[in-house]
Amino acid sequence: MENSAGNRANQMFWSIVSFFRRCLFLVISARPIPHHIAFIMDGNRRYAKKRKLMEGTGHRVGFVALMSMLKYCYELGVRYVTIYAFSIDNFKRQPEEVQSLMDLMQEKIEGLIKEESIVNRYGVKVHFIGNLKLLSEPVRLAAEKAMVATSNNSKGVLSICVAYTSTDEIVHAVQESCEEKWNEISVLNANGAGYDLDKFGENENEGRENIVQLTDIERHMYMAVAPDPDILIRTSGETRLSNFLLWQSAYCCLYTPSVLWPEIGFRHFVWAILNFQCNRLYLERKKKQDFESLTDAYRGRRKCCTVDIRLISVTGLSSLLVDSGTVFSA
């Protein structure tokens, strides 16, 4: 009897909390809300170490924090959410830790396709982003199954970056773009209507269009499934992007609360949204100014920017300089 009364009281308490949260979201929604929020979930291992927990417990507690953040995002009306779940560099960790993370990942991915899961509750389509060939077969198959199972969901999009780095994404996009253009030009040449690649570039006054356009590269990005992020949140106070969304994050707000990922809460989420609303116009104006400057520069130097896909060496890509936008810490 006492347990039943306690359960009812607990349910009533959380219903009241949910009501007030939704009321606050209505107030926040009076100003523009972000379309896309990305998360770097930093600090799971440090959380476990700080509290003397078993190895791997920090990641499980971090998963609970992730579910809360997803709930807040979708309740507010944020359509796109991206999380940095596993970097290619993480494969360099101890084999036992990597296997433990793979097992946890498989368990949580399989949970995504259950009827009561958060993605089905909010109608969210799931994408797994990265070089999925590097994953173990059970994890890769689970990821593919989850993408198929949620493919008809249309109210939101969750992109889970696994076996991912921005460097790998850019190299992949350049390789795919070059291969696509090479195939197109080869077909045209075979029909007598294409470029003469052997003579291409000999006459600087030809004024040809670039073979590989910026839009070609962006179309082949892993993250082509979502617009550029408006907010990037990284916990533990770190302001590094750690090879995450470098191409896409030039004009987003970076929010770096000092808490570890399992400790992130509702107040941090609200603060990130308010910071975005305060700085949105500045970032949009900066983006417009940079775009106009690049357009002018392109018009003036177009003849010098032709890409010869026979000579491009994408494997030599080693670094990328990024305008990191605006950084907020708390």
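Throughout, residue positions are numbered sequentially from 1 according to the sequence presented.
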- Apply side chain to side chain contact (heavy atoms under 4.5 Å, CB included) to the pair Lys108 and Leu66, showing each step before the final yes or no. CA-CA 11 Å; Lys108 299 306 180 185; Leu66 171 61; over 6 Å; no
- If you measure from the Lys or Arg side-chain nitrogens to the Asp or Glu carboxylate oxygens, is any gap between Glu184 and Lys181 under 4.0 Å? yes
- Query: Going by an N to O cut-off under 4.0 Å, is there a salt bridge joining Glu263 and Arg46?
  - Reply: no
[X] vs [Y] side-chain heavy atoms within contact, under 4.5 Å:
X	Y	value
Ile211	Asp216	no
Lys155	Tyr122	no
His172	Glu176	yes
Tyr72	Met69	yes
Thr215	Arg219	no
Arg234	Arg240	yes
Leu283	Cys252	no
Tyr47	Trp261	no

Distance alone, cut at 3.5 Å: any donor-acceptor contact between the side chains of [X] and [Y]?
X	Y	result
Ser117	Asn120	yes
Thr57	Arg51	no
Asp42	Ser236	yes
Glu55	Gln94	no

- Item | Glu97, CD: over 12 other non-hydrogen atoms inside 6.0 angstrom | yes
With a 4.5 Å cut-off on side-chain heavy-atom distances among I, L, V, M, F, W and Y, is there a chain of contacts connecting [X] to [Y]?
X	Y	value
Tyr80	Val162	no
Val157	Tyr222	no
Tyr84	Leu246	yes
Leu104	Leu141	no

Strictly distance-based, threshold 3.5 Å: is any side-chain N or O of [X] a donor or acceptor partner for the main-chain N or O of [Y]?
X	Y	answer
Asp103	Ser100	no
Ser151	Val148	yes
Asp168	Tyr164	no

Enumerate donor-acceptor pairs with a distance under 3.5 Å from any side-chain N or O in residues 29-39 to protein atoms, sequence neighbours excluded.
unit_1	atom_1	unit_2	atom_2	d
Ser29	OG	Phe25	O	2.7
Arg31	NH2	Gln277	O	3.0
His36	ND1	Pro227	O	2.6
His36	NE2	Thr82	OG1	2.7

Can you name the nearest heavy-atom pair linking [X] to [Y], along with the distance?
X	Y	answer
Val139	Leu135	CG1-CD1, 4.1 Å
Leu134	Phe91	O-CZ, 3.6 Å
Asn153	Val119	ND2-O, 3.7 Å
Val212	Cys178	CG2-SG, 4.3 Å
Met147	Val126	CG-O, 3.3 Å
Val124	Thr150	O-CB, 3.6 Å

- Message: Does Ser68 form a side chain to side chain contact (heavy atoms under 4.5 Å, CB included) with Phe266? I'd like the steps, not just the answer.
- Response: CA-CA 8 Å; Ser68 295; Phe266 181 68; over 6 Å; no
- Message: By the definition salt bridge (Lys or Arg N to Asp or Glu O under 4.0 Å), identify the one residue from Lys288, Lys286, Arg280 that meets it with Glu284.
- Response: Arg280
- Run through Gln106, Met102, Met105 and flag the one making a side-chain contact (heavy atoms from CB on, under 4.5 Å) with Pro138. Gln106
